[in-house]
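Here is the structure we will look at, set down as structure tokens.
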Amino acid sequence: MKVLTFNPELCTGARDCEATCAQTWFKVTDVAKSSIRITPTDQGFNAEFCIQCGKCLDVCPVDALYQDKKGIVRVKKNLCVGCMSCVGFCPYGVMHFDTEEVVPFKCIACGQCVETCPNGALKIIETEEASTDLWNGLVGW
Amino acid sequence: MNEAKAKLHVLSEFTYTPSTVERGYTGQTLYVNVGDGTIKGKPVTEDMKEKFIGGRGFDLWLLWQGINDSTKWNDPENEIVIASGPCGGTTQYPGSGKSIAVSISPLTHVPIDSNAGGHYGPYLKFSGWDAIEVQGKAEKDVFVYVDGPAGIVQIIEAPEDSPTDTHMLGHWLNDHFAASEKDKQQMSFVTAGIGSDHSYIGCLNFSLYDRKRHDLRYKQAGRGGIGTVFRDKKIKALIVKSFPVKGDSNHPADMERIAATGADMQHEVATFDPVQNRMRSRGTSYLVQIMNDYDLLPVHNYKFGAHPDTPKINGDIWEAQYTQNMPDGCWYGCTVACAHAVDAYEVRTGPYKGQRVIVDGPEYETIAGCGSNCGIFEPWALLEINFYCDTYGIDTISFGTGMAFVMECYEAGILDKEKTGGLDLHFGKAEETLEVMHQLARGEGFGKIFGMGIRQMKQYFVEHFDADPQFVQDIGMEAKGLEYSEYLTKESLAQQGGYGLTNKGPQHDEAWLIFMDQVNNQLPTFEDKAEALHYFPMWRTWFGLCGFCKLPWNDVVDPKNSLSAEPAKIPHHVQNYVEIYSGVTGKEVTTDDLIDMSERVYNLQRVMNIRLGYGLRDHDAIPYRSAGPVTEEEYLSRQERYDDQIREWFDKDPETMTTQEKMALHREYREGRYEKLIDAVYKRRGWSPNGVPTVEKLQQLGIDYPDVVAIVKKYL
């Protein structure tokens, strides 16, 4: 399946990825609308984004979540009732909620952030296993 | 348009432009008279919102105005009023889609309030109505159809070949009213069944269309016989078709506030439910073993609190039977998801024998009431009873408690095969219990007598079968005419009050204090118990004003709660409800304000009981079985406990006393302390020693309307 992967050793905290994501999908500069979240740590920076595990599909009461042909978990906004079950039950805290449209949003591995990362710390790859190793530079680098 | 619907005969029609929901309210209620065909909208005033909030509050206020002082349950002016509440239909917080139904009960002759999941209440609101008020009696069976997107309300003649039993009728309604799968998702029904035609213990089923199963599910407003009123009015179904639900259909004042609170709670459920009650896999059935282990599970008509066969019907058994990994919430976003079901159950008895059906449940009350309380420890029998109660429109609690009473009467020799039409009704008789169910549904044989409910059965057994009036009074577990729900209260005085000092009758949704009182000993004095019997009934009433379920309040709890000042109240969840209520309505409130809201409604309900000739101290009496051991068998089964109490409470040596002497001593003491509890509770609630709200109390609450005050003054 197609996923985003992050290498913390290459990240310098420019956070262009967050700004790009928010701008791409919501046309805003508010990084709270970004599906990738960068946080500073003692060693450098962490990134958190959807790893396309699909565990949220079972908790959706209206079948508004599905995995597309590439394995990417997507939201059917027309079916969604904004119940936040997927937000609360995402084991990794990477399903977010837009209170204006009242629907969840998440990384769909579109790759826009990859383009704007000044240090090449993000990549889109194909992988078999959904794992948080994608956040740690352990897959695809 | 579904072609089948077009062929139905419309008796009356009303067109309207649906009001937009704003901050949880549409500002209109719907009045339908199925007798004379009147259909109209009524405005919701600011005073109504301020004083009565919504849900049960609106229901009672509309009922108050619709009836007169002598209205009986089967008079045309009696109403069935259904509303959700301002927060009902919120999807971001678990348990925010309840409907509350109110009517004058055929069992208690005063207002009953009963809540249910399912989609009807929120869908009604999203179709433009804060409540529906149905009055009158139709000549022939009718449907009441509300179509929000089309802006029409119709009274439609129900064809003679349309089913009455819920699981059949639901499919028929989908076939006749839905033109597509999407239509099915936007519709909800309220139905009963033929058991409601022939008994006083009829329930209402509220449907939801399960998008995973692609089939209908039902949740029950079980208590007090509202299904009986429904069928007495010759209503076959209330049908609503709503605009599609969106996350902001309630148009709340502050979505960010709601979403932040909802996200926290959803995460709490995800984190703690798997290591706490496991509601998501077992629902309320988890309680069965716990109640047994604390000697609180009703066994053999509340004689005992435990049974060695309980593991045959405990939560582990049901976890294996319920279909797992389904989002079994009864409203969108309820991840507590206790509304489990057993799929493809093959019916073994009765008219639907051989059908494969969805059984909604069984939940704790059904397992305990129809299971342990009747000595039935066979899962298949509980599924069968559960299914038939639902589709026939019968309350599983009244059925279970009533059957337990009958079984004890049978074992005591009051009943025998001759009197039951050949049925052996010893404890544990599953097939015979189901035969009583089918007879009840047909209005035949012993089942017809059974369907009158315990209070009338007691009288019948005395008059026709020479039963000892005192004995049947002591063991017949009803108060105010309503059958007890399924908890043993002998060792919890506070819970005896929790059942007895209710407005509607002994239903635990007003107060559940057994653990606080009996297990944790947090209520040592009468004043402590009275405070709990003020706070908790008011707090639990509040859920029904707003459209909330109580379970997410206290069935999943962050462990940090134990460090709070008052863990029993679960303060961080109470604050969540402040956030949601304020987030929806835009009105800033405190936790104390929530209690004040309930007190107004609770006192109005008390005055309504008085208005109808009840609601006084005499009517708060409880059967002795709920307070202490009635029979020697019962005493001897827990002799060590009772003997120790004689030493501790009376400083007497039980070795020098006969069992009868010991039982008499217990009875005098236990009955006396219940009276003392009544005194303390009435004082705390601002009521006279006769249980009447004082004029000062009504003034303080702002419900000193002239007609309300005139009623209490007669008794003060």
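Below, chain A is the first sequence line, B the second, and so on; all start at residue 1.
The greatest number of non-hydrogen atom pairs below 4.5 Å with chain B, out of A:G82, A:G88, A:C83, is found for A:C83. The candidate from A:C90, A:C86, A:S85 with the greatest count of non-hydrogen atom pairs under 4.5 Å with chain B is A:S85. If you tally non-hydrogen atom pairs under 4.5 Å between each of B:G329, B:G262, B:G247 and chain A, the highest count goes to B:G247.
Of all heavy-atom pairs between B:P327 and A:P61, the closest is CG-CA, 3.7 Å. The shortest non-hydrogen separation linking B:R211 to A:L79 is NH1-O, 4.2 Å.
Residue B:H267 places its NE2 atom among 12 or fewer non-hydrogen atoms of other residues, nucleotides or ligands, all under 6.0 Å distant. The number of heavy-atom neighbours closer than 6.0 Å to CD of A:Q67, taken from other residues, nucleotides and ligands shown, is above 12. Atom CD of B:Q575 has more than 12 heavy atoms from other residues, nucleotides or ligands within 6.0 Å. Around the NZ atom of A:K70, the shell of radius 6.0 Å holds no more than 12 heavy atoms that belong to other residues, nucleotides or ligands. Crowding of A:K123 atom NZ: a count of heavy atoms from other residues, nucleotides or ligands under 6.0 Å exceeding 12.
Among pairs with a residue in residues 70-93 of chain A, none fulfils ring-ring contact (aromatic ring centres under 6.0 Å, His included), at least two apart in sequence or across chains.
In this view, A:L138 and A:D133, A:N136 satisfy the side-chain contact (heavy atoms from CB on, under 4.5 Å) rule, not counting sequence neighbours.
Between B:K246 and A:V81 the shortest side-chain heavy-atom distance does not fall below 4.5 Å. The shortest side-chain heavy-atom distance between B:R280 and A:V59 falls under the 4.5 Å cut-off.
B:T90 OG1 to A:M84 CE: the interatomic distance, rounded to the nearest 0.5 Å, is 12.0 Å. For the atom pair B:N325 CG and A:L57 CG, the distance stands at 12.5 Å (nearest 0.5 Å). A distance of 6.0 Å separates CG of A:D63 from NE2 of B:H214, quoted to the nearest 0.5 Å. To the nearest 0.5 Å, atoms CG (A:D58) and CD (B:Q324) are separated by 11.5 Å.
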Legend entry - Audit row: A:V102, B:Q92, side-chain contact (heavy atoms from CB on, under 4.5 Å) steps and yes/no: CA-CA 9 Å; A:V102 201; B:Q92 291 78 31; 3.6 Å; yes

